[in-house]
Amino acid sequence: MSDVTIIGMPRSNLTRTVRIACLEKEIPFAFSSRNVQPPGHPPTPELLRNNPFGKVPVLTHGQFVLYETAAICRYIDDNFPGPLLRPVHAEKAARMNQWISVAMTRLDPDIIRNFVIPMFFADDVTRRDPAFTTRMNEMTDRIRHDLSALDAAYGDGWVCGDRFTIPDMMIMPMIHYLNAMPGGPEMLANAPNVEDAFARFKARTSAAQTDPLLPEKLLKSA
Ligand SMILES: N[C@@H](CCC(=O)N[C@@H](CS)C(=O)NCC(=O)O)C(=O)O
């Protein structure tokens, strides 16, 4: 037993990223959602003890506690035997770091925080608010731009070529949510390399085992 526990929420895209990293690394781990706040609630004292910023995922490995998705993925890759989650060649490794940074600082805010989450939780009054529609249209334009850059990156299979690496584990769960939102499939249709990568992602065991089982009807009507 590796004594690794991932703390997070099943529907959190970044929690899914680190669960995928553990599965791809082929290390046994426990997954715990105990004492993690439901969406929209303040962080619980238990979570704040592990992460003062109140976010998931958190990894515990024995007494060692680590937060921040990129740090957790790198720790998993560096500290356990198993398939490499990163390229070996220096230029490709640098490219991987570039995409980790883009995924965390641009794609996650654009796709998840500023589009999927507001769309998902908007009530009827909000949906009828023209300011909300304007904001969502602006985000759609931004995401279309993000997808065109991603599409060029996915031309060789995954962002670092033929190996499924850490940034793919971050980006593909975001694409999963985008694809389930109204307008998402249309946005993805303009990024065929990303669509193709998403189809290959869904066929992986690690993706199937971490599928957030989205309530399709709810999302399509969001
Ligand atoms: N920079 C953090 C961001 C983590 C994050 O935003 N996690 C979301 C779930 S995907 C969360 O904890 N949301 C709950 C909240 O903000 O209250 C990381 O890379 O792990």
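Atoms within a ligand are numbered from 1 in the order they appear, just like the ligands themselves. Fair warning: this is a prediction, and the values are worked out from it, not measured in the lab.
- Among Ile117, Val36, Val56, the residue whose heavy atom lies nearest to atom 8 (C) of ligand 1 is Val56.
- Taking the six-membered ring wherever Trp is involved, the centroid distance between the rings of Tyr75 and Phe64 falls below 6.0 Å.
- Numbered from 1 in the order shown, with element, the atoms of ligand 1 that lie under 4.0 Å from a heavy atom of Pro57 read 20 (O).
- In this structure, the protein non-hydrogen atom closest to atom 3 (C) of ligand 1 is Leu14 CD1, 3.8 Å.
- Side-chain contact annotation: Asp123 with Thr126, donor-acceptor N/O pair under 3.5 Å present.
- The neighbour count for Glu186 CD, taken as heavy atoms of other residues, nucleotides or ligands under 6.0 Å away, is above 12.
- For the pair His41 and Gln37, the tightest heavy-atom approach, listed with the atom from each and the gap, is O-CG, 3.2 Å.
- Among all protein heavy atoms, the one lying closest to atom 9 (C) of ligand 1 is Ser12 OG, 3.6 Å.
- In terms of protein heavy-atom proximity, atom 14 (C) of ligand 1 is nearest to Gln37 NE2, 3.7 Å.
- Atom CZ of Arg95 sits in a sparse spot, with 12 or fewer heavy atoms from other residues, nucleotides or ligands closer than 6.0 Å.
- With salt bridges taken as basic N to acidic carboxylate O contacts below 4.0 Å, none links Asp146 and Arg142.
- When only interatomic distances are considered, the shortest N/O to N/O separation between Thr69 and ligand 1 falls below 3.5 Å.
- The residue among Met174, Lys55, Glu68 with a heavy atom at the shortest distance from atom 2 (C) of ligand 1 is Glu68.
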